[in-house]
Q: 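What follows is a single structure, and I will ask about it in a moment.
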Amino acid sequence: MADRNRIVHLLRQLQTAACRCPAHSNTFHQGTGAATCTVQKTDYAFEMASSNIRYGKGVSREIGMDLQNLGAQNVCLMTDKNLSHLPPVQAIVESLEMNGVKYKIYDNVRVEPTDSSFKDAISFAKNGSFDVFLAVGGGSVIDTCKAANLYTCHPEADFLDFVNAPIGKGKPISKALKPLIAVPTTAGTGSETTGVAIFDFEPLKAKTGIASRAIRPTLGVVDPTHTLSMPERVAANSGFDVLCHALESYTALPYNQRSPCPPNPISRPAYQGSNPISDVWSRHALHMVSKYMKRAVRDPEDLEARSNMHLASVFAGIGFGNAGVHLCHGMSYPISGNVKTHSAKGYNVEHPLVPHGLSVVLTSPAVFNFTAPMCPERHLEAAEILGADIRQAKREDAGAVLADTLRHFLFELQVEDGLGAVGYSKDDIPALVKGTIPQERVTKLSPREHTEDDLARLFEASMNIY
């Protein structure tokens, strides 16, 4: 009964679209704060943070030594059932055994995790008395491992305590976490660099997550040989996530236009808006996507292309992990959360699935056409990086030019023709809009303000993209 009342309360909150997170809450100014922020409404500073990253072909062989150096006594190795039998996990298990590291494997991670699958992993971790966590897999595995580490170190916490408001309580993380080493096997999420863990909140059929610098991996071990095990469509959808991370963070609301100004630096959100340092990472990632993504998708043995897409994922992760993303990601969460029957090629799962990268990129032509008037130069520059000839383009053409460039890019990579091709119709638009409303942590970083009617029009424009 208590859970049911909680869901009813959440639904009422969502109807009012009231976000209480530190980045957007109207009550955030209350209390004593820095004199600077009592004068100005928007932020005046940004902060860069990222996990340590180690990159190199075959570098995952060092992980056993890393754990030995940490003095690890009992390691929790998390992965999924598909990967548990593949070379990336086998190589790491060999390294652990060669170095005498005691470990237990949890291989029940769900691709596109849910609150239920998070809780199952948390229960395993709480019962294991682990002193180090090791995640080997894509974003789903790494995010699940972050959650397991977090709640193991806060055993008294309710699950919703750290979940982003308004779905959760958005409480600050007060205790130090155990070391977490992340080994990405896909080139997409950048989760090895960020303090974000995303999941489907099943009662509301919408994605949400936990966002805090405290849950960042201690070390990301980026071994490009692991990407050779990715099927073609997994490589494509992972790459689309990199593409949108780079585009959204580069075009996000500038950090000094984001409000409110935090009265204490501990309250400055991880997603701060575009800034001069994140711009460097995002722009370079976009160049790498343009150069290598098509090759990486079309030829799984192209180690140069897949290696560079792995690096692009890291670069984009550092960029968006500090600047944030906006509408493509905010709108993607209900697209994934409300999936009906779509079966994703290349994914060996038993449940309907719209892969995260696909759910993000399907709205990208409509979204960037919409946001372009606020920063047309950046939209034109992005289009040029992706191959467009912008010599005759005017500022007012920026949205159409980038949208057409993205459509061409997606068509060449054989992407489904919009939301209609993955099981949605115009009748679903109200539910998709409703699922986007609680994503203010990211949608507020859109450079252009938007209404529910605007969101509805963007979903409608994304039903078909060619």
Side-chain angles (χ1 to χ4, degrees), residues 111-112 188 198 200 202 204-207 231-245 247-248 293-294 297 325-347 349-372 386 399-439 442-443 446 448 450-466:
V111 177
E112 301 296 336
I198 302 296
D200 283 310
E202 294 168 295
L204 297 179
K205 293 185 177 180
K207 276 194 188 302
E232 175 188 321
R233 295 325 296 172
V234 176
N237 293 326
S238 300
F240 293 137
D241 202 17
V242 180
L243 171 66
C244 288
H245 284 158
L247 285 172
E248 290 174 71
M293 183 171 167
K294 292 175 185 175
V297 172
V325 287
H326 55 82
L327 288 179
C328 289
H329 270 76
M331 294 169 66
S332 79
Y333 297 146
I335 294 170
S336 293
N338 287 274
V339 61
K340 301 172 185 176
T341 59
H342 184 68
S343 178
K345 295 178 181 177
Y347 294 79
V349 296
E350 296 178 355
H351 53 274
L353 176 69
V354 179
H356 173 64
L358 179 61
S359 71
V360 170
V361 84
L362 289 177
T363 62
S364 62
V367 163
F368 292 108
N369 192 34
F370 174 77
T371 57
L386 292 172
V401 170
L402 181 51
D404 286 344
T405 304
L406 287 168
R407 287 190 191 95
H408 182 70
F409 193 83
L410 302 187
F411 184 79
E412 286 199 323
L413 287 169
Q414 300 179 322
V415 175
E416 290 90 333
D417 185 14
L419 298 179
V422 296
Y424 290 103
S425 71
K426 291 182 180 180
D427 292 340
D428 297 306
I429 290 176
L432 294 172
V433 171
K434 184 178 179 181
T436 305
I437 290 170
Q439 312 303 334
V442 294
T443 58
S446 168
R448 181 175 176 180
H450 51 276
T451 65
E452 290 185 33
D453 287 341
D454 291 325
L455 293 174
R457 283 190 285 269
L458 290 173
F459 279 118
E460 183 174 1
S462 302
M463 286 294 162
N464 299 99
I465 54 179
Y466 303 129

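Small disclaimer: the values here were computed from a predicted structure and weren't measured. Throughout, numbering of the chain's residues begins at 1 and tracks the sequence.
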Q: Flag yes if more than 12 heavy atoms outside H408 fall under 6.0 Å of its NE2 atom; otherwise flag no.
A: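 No, NE2 of H408 has 12 or fewer neighbouring heavy atoms, counting only those of other groups under 6.0 Å.
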Q: Check the side chains of S238 and D241 for a donor-acceptor pair under 3.5 angstrom, ignoring hydrogens and angles.
A: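 No, S238 and D241 have no side-chain donor paired with an acceptor closer than 3.5 Å.
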Q: Of the non-hydrogen atoms in S446 and H326, which two are nearest, and what is the gap between them?
A: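 Here S446 and H326 meet closest at N-CB, 3.4 Å.
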Q: In Å, rounded to the nearest 0.5 Å, how long is the span from CZ of F409 to CG of L243?
A: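 Reported to 0.5 Å precision, the distance equals 6.0 Å.
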Q: Is there a side-chain contact between H342 and Y424 (heavy atoms, below 4.5 Å)?
A: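 They are not in contact (no side-chain heavy atoms under 4.5 Å apart), so the answer is no.
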Q: Test side chain to side chain contact (heavy atoms under 4.5 Å, CB included) on D200 and K207; report intermediate values, then the result.
A: CA-CA 4 Å; D200 283 310; K207 276 194 188 302; 3.0 Å; yes
Q: Looking at L458 and S462, what are the two nearest heavy atoms and their distance?
A: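 Of all heavy-atom pairs spanning L458 and S462, the closest is O-OG, 2.8 Å.
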Q: So which of V325, L406, T371 actually passes side-chain contact (heavy atoms from CB on, under 4.5 Å) with L247?
A: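 Result: among V325, L406, T371, L406 is the only option passing the side-chain contact (heavy atoms from CB on, under 4.5 Å) with L247.
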Q: At their closest point, which heavy atom of F240 faces which heavy atom of G357, and how far apart are they?
A: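 Heavy-atom minimum between the residues: CB-O, 3.6 Å.
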Q: So L432 and M331, do their side chains get closer than 4.5 Å, heavy atoms only?
A: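 M331 does not reach L432 side chain to side chain.
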Q: For residues 361-370, please give each side-chain donor-acceptor pair under 3.5 Å, one per line with the distance, not counting sequence neighbours.
A:
| residue | atom | partner | partner atom | Å |
| --- | --- | --- | --- | --- |
| T363 | OG1 | V360 | O | 3.3 |
| S364 | OG | V361 | O | 2.7 |
| N369 | OD1 | A400 | N | 3.2 |

Q: Is the side chain of E112 donor-acceptor paired with the backbone N or O of H356 at a distance under 3.5 Å, no angle test?
A: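 Yes: the side chain of E112 pairs with the backbone of H356.
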Q: Do the rings of H245 and H329 sit parallel, tilted or perpendicular, given the 30° and 60° boundaries?
A: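 Aromatic pair H245/H329 classed parallel.
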Q: Flag the pair I335 / L358 as yes when at least one side-chain heavy-atom distance between them is below 4.5 Å, and no otherwise.
A: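 Heavy-atom side-chain distance check fails, nothing below 4.5 Å.
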Q: What closest approach, in Å, do S336 and V339 show between heavy atoms, and which atom pair accounts for it?
A: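 Looks like O-CG1, 3.3 Å.
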Q: When the side chains of residues 413-422 are checked against the rest of the protein, which donor-acceptor pairs come out under 3.5 Å, sequence neighbours left out?
A:
| residue | atom | partner | partner atom | Å |
| --- | --- | --- | --- | --- |
| D417 | OD1 | I465 | N | 2.8 |
| D417 | OD1 | Y466 | N | 3.1 |

Q: Hey, are D428 and K340 close enough for a salt bridge, meaning a charged N less than 4.0 Å from a carboxylate O?
A: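 Result for this pair is yes, salt bridge flagged.
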Q: Less than 4.0 angstrom from a charged side-chain N to a carboxylate O is my criterion; do K345 and E232 meet it?
A: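 No.
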Q: Roughly how far, to the nearest 0.5 Å, is the OG atom of S343 from the NE2 atom of H351?
A: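 One gets 10.0 Å once the value is rounded to the nearest 0.5 Å.
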Q: Find out whether L455 and L327 are in side-chain contact, i.e. whether some heavy atom of one side chain is under 4.5 Å from a heavy atom of the other.
A: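 Result yes, sub-4.5 Å side-chain heavy-atom pair found.
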